[in-house]
Amino acid sequence: MGSTNSTLIKIPNVEELMQETGFSTAHIIRLHDRFKELDKERRGYLCPRDFEAIKGLAINPIGDRIIGAFFSPGRETVDFYTFVRILAHFRPADNSRPKESSSPEPINSRTNKLKFVFQLYDLDKDGKISRIDLLKVLRGMLEMQVTEEQLDSIVDRTIQEADLDGDDAISFEEFRKSLEKVNIDHKMSIRFLR
Amino acid sequence: MPYVFYLRAIHFLMLCEILSLGYGANVGMLPKATGTSSSNLPQWSPKGDAHPDSGASTLPLFTLNYPRVQIPLEITLWVLLASFAKIGFHVYHKITVWVPESCLLISIGLIVGGIMHSVHEEPPAVLTSNMFFLYMLPLIVLDSGYFMPTRPFFENFGTVLWFAVVGTLWNSIGIGISLFAICQIEAFGVQDINLQENLLFASIISAVEPVAVLTVFEDISIHEQLYIVVFGECLFNDAVTVVLYNLFNHVAELHVVEAGDVFLGIARFFVVGLGGMLFGLLFGFVAAFTTRFTGKVREIEPLIIFLYSYLAYLIAELVAISSIMAIVTCALTMKYYVEENVSQRSCTTIRHVIKMVGSVSETLIFFFLGVVTITTDHEWNWGYILFSLLFTLLWRGLGILVLTQIINPFRTIPFNFKDQFGLAFCGLRGAVSFALAYTLPDSIGPKKLFITGTIVIIIFTVFIQGITIRPLLKLMNVRKTNRNLETINVEIHKRLMEHTVAGIEDLCGQWSHYYWKDKFMKFNNRFIRKILIRDNRPESSIVALYKKLELQNTMEILDSMTGDISATPSLISLHEERKNASKSRKVLPSDVRNMHELLSKNMYKIRQRTVSYTNKHSLPNDVTAKEILIRRHTSLRRSLRAGSFHSPHGNKASQKFLSLPVNSRLPPGRFSHAGDGDNEPEMNLSSVSSMFRHPQRSSSRTTIPLRPLGSLKVVSSSVKVVDEENEKQRGYRSSHLRSSFTSSAQQSSRSLYGSTRNISDEDGGSEHEEQESPPDPHAWVQDPQNNSDMQHPLLRRSQWPPQKPQDE
């Protein structure tokens, strides 16, 4: 674990990154180390393979979706900046930072966290969670003994509850509204990324 | 119905016990005469004669030779009774949820004790010092040590040691001194207890016991850090307590204590602790080395493990260093290497046996606690005992508070107040304290008082704290939302978020101090593994299952050379239809409730790295992981088949490939070995193939018949077939399969799922583009975590073709 300065120097634009994501120096270094670990072939970027090799993600019911969230459509690689930016979504909210109306919303704001989750559902990126999206996700999260009919009725109910404009799909606003009582910051934060 | 039968059996058994005791007492063969009162039971002469008055020449028709089998018989009956009790608890499931098993065992013990007391019997003198220290304690400790999850343990090593060692010292000394202060007050009448004896008592009651606590922790999914700290603390705490106990015991017998003695005591403490660890390490390595050569004698592998652990314990006892540390360290070191060397079956056997003897030991001790509570003469002293209880609680609370404040800055995940409360409250006392108190030498004056005090404290903590832990922790952790008001939406989304966070945490990997760990792992790979591990490695059940699935898949593809893809309607189109059909379906409120229930029962729980692994009363299982793997497998197959239709998943499907981790060095015998799904009966070959026959509730029925993999010879021969295919990389008829292997010198034996390989149909009019990944051998990301947990080494690969040497 070399001196912090030398590692930081190796990462270009690190100041900008820290400013944008809010991570501390120590965290950036740790993330960089982790990135290097995952990037076994030392190419400087990660591809889906590298993610899939992580055991925890393999046995996670939505592991593949999580991996997919790192890759913007069309791209096959993740560089360090994207990596850190996405992980920044999981920082606990920073209440001490002064809220300036001119600066853009921080990455770990409630809205952005919700957008991240929405993205996990909405794979075809049409801006809505359709029945099919929901069905797929639910199927992945439920054990094998749930029947098709039960699944269908759950999906029906889910859409019915959230869908306010009757288009049989859940848009981002409807999604956000349905989760208004939930403490997203608590649920979607990782303590040690503070 | 079975309940009634069970009760009768219990009655009968207890009657047997009492009778046997009575008889035993009469014959007077008890190893330690506990002042047997004369019994009223009929006297039986050792050899009952058919004709009692005749001379010595007649041949007796029926003889009874009790003394011969007395000791084993009594032990067997007691253990059986305790086991019945355990079985009985689980008859009614709800009990064990609310009342920890230790409570129930003590209660049964109390009942039996009561019965025995009323017939004026003494408990069997099974619980002697030797019996406990030489037979029962090592088993309990081995159980705890072997199932310790090593990775989180080492991550939190500092904290664990800190709490265990310093915490116990703090407790003992604090309680001892305060009790000594109390003793000075004349009103309580215990002035004769001097400082050493107080310290001795204090050291006895500072031994913390994890059993009840851990079961509660699992159920409410407490976070991992807390879990591992409690677990580790209890383990090492035992070691420290025993050391202190011996120390103070020795000191208590000296009537004059000089300053030099104190320093010697402290020095001895370190010698004992570290010496124990070294011994343990030594034995662990030797055991691992031995298992390297047991390839041909699989049957004795479990025996070797036990012998070495026990040997470590005994030799440590011989030189009077901490035997608990020795056996724990031995188990920890051994486990990692041994589980690679021994066969799958031996591995299972070892685990089962360790769990079994550990739980029997524990059960027996709690049971005896109950019995002894009633049957010994107690010496009661209100002041002393109540104050000791008070001080126990107080000092533990204080201790945790102070110690946490000191160590929090050094931790990457600091403990907040809820954690601290949990830690403090979960300091239950149990088996070890009781045994230490009971086996105090008689030269200690207030021995009876100490025993009484210990029993009171144990019963208080186990019953009151044990029963209230669960509701309290739930109260502190759970949000106040009423479940029924929560919509289905929210429930699903919440669970999704939890899974996401768990996944990202795994992505981030371990977050602390891996510098030393890294160094150690390098050293490990370079030297230690070469020496200690044999080449052919067994596979875990998940790996075996995965291989089976892969092979079946391969077979299927080989079968389906005619390319029967078009027959499968995709998931999407069917649902389009259904959607149009049921536009406006009404959902009733009762349905909603059912849905909630359905969801709560059937949604996968978040992966619990430690918790599911260390359930005190059962072995770890990985059914969930398997289900997920199987499902992913089938969905991949399905998506490959349905690749002709544009699925929204298109991008991903084309990128994810199936793999075939075939180890060419694997002899056929190995395969049959792995194929004998030992501890996962539900995952045997026929069920797996049947699962594929009906690729479940999805509508995409594959019309490809599955050729059942009849005998495993077929499997192994197909392995060879696949190898040959590999040789000629291209141009093979239907599919070309490539596997990637990593070299055995690598640590990758423990690495992971996540394979990208290409299975494509050459013909079959594939409308889906052939996704060719570049033909370089892939290196697998090695999860740097010390995956010594055998349950999830998902795949093991060897490098093929071995042209690119993997360097660290």
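Not measured: the values here are computed from a predicted model. Letters go in sequence order (proteins before strands), and every chain restarts at 1.
In this structure, chain B has no heavy atom under 4.5 Å from any part of Ile159(A). Residue Phe35(A) does not touch chain B at all, counting heavy-atom pairs closer than 4.5 Å. Contact of Leu120(A) with chain B is made through the side chain alone, with heavy-atom distances under 4.5 Å. Residue Phe118(A): no heavy atom, backbone or side chain, is found under 4.5 Å from chain B. Residue Leu134(A) does not touch chain B at all, counting heavy-atom pairs closer than 4.5 Å. In this structure, chain B has no heavy atom under 4.5 Å from any part of Ile86(A). Heavy atoms closer than 4.5 Å to chain B are found in the side chain of Ile66(A), but not in its backbone. For a residue to count as touching a neighbouring chain, one of its non-hydrogen atoms must lie under 4.5 Å from one of that chain's; by this rule Phe71(A) does not touch chain B.
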Tell me, with the steps shown, if Leu496(B) and Ile62(A) meet side chain to side chain contact (heavy atoms under 4.5 Å, CB included). CA-CA 8 Å; Leu496(B) 184 90; Ile62(A) 52 166; 3.7 Å; yes
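When every heavy atom of Asn489(B) is checked against every heavy atom of Ala162(A), the shortest pair comes out as ND2-CB, 3.2 Å. Of all heavy-atom pairs spanning Ala502(B) and Asn60(A), the tightest one is C-ND2, 4.3 Å.
For the pair Ile492(B) and Val137(A), the minimum side-chain heavy-atom distance is 4.5 Å or more. Looking only at side-chain heavy atoms (C-beta outward), Val490(B) and Glu161(A) stay at 4.5 Å or farther from each other. Two residues are said to be in side-chain contact when any heavy atoms from C-beta on lie closer than 4.5 Å; Phe90(A) and Glu505(B) fail this criterion. Side-chain contact between Val182(A) and Lys494(B): present, with at least one pair of heavy atoms (C-beta onward) separated by less than 4.5 Å.
Atom CE of Met188(A) and atom NE2 of His493(B) lie 12.5 Å apart (nearest 0.5 Å). How far CZ of Arg495(B) is from CG of Leu138(A): 11.5 Å, rounded to the nearest 0.5 Å. With rounding to the nearest 0.5 Å, the separation of CG in Asp506(B) from CZ in Phe51(A) is 13.0 Å.
Interface check for chain B: of the options Leu179(A), Asp126(A), Leu87(A), the most heavy-atom pairs under 4.5 Å are formed by Leu179(A).
Of the possible donor and acceptor atoms, none in the side chain of Arg65(A) sits under 3.5 Å from a partner among the backbone N and O of Thr500(B).
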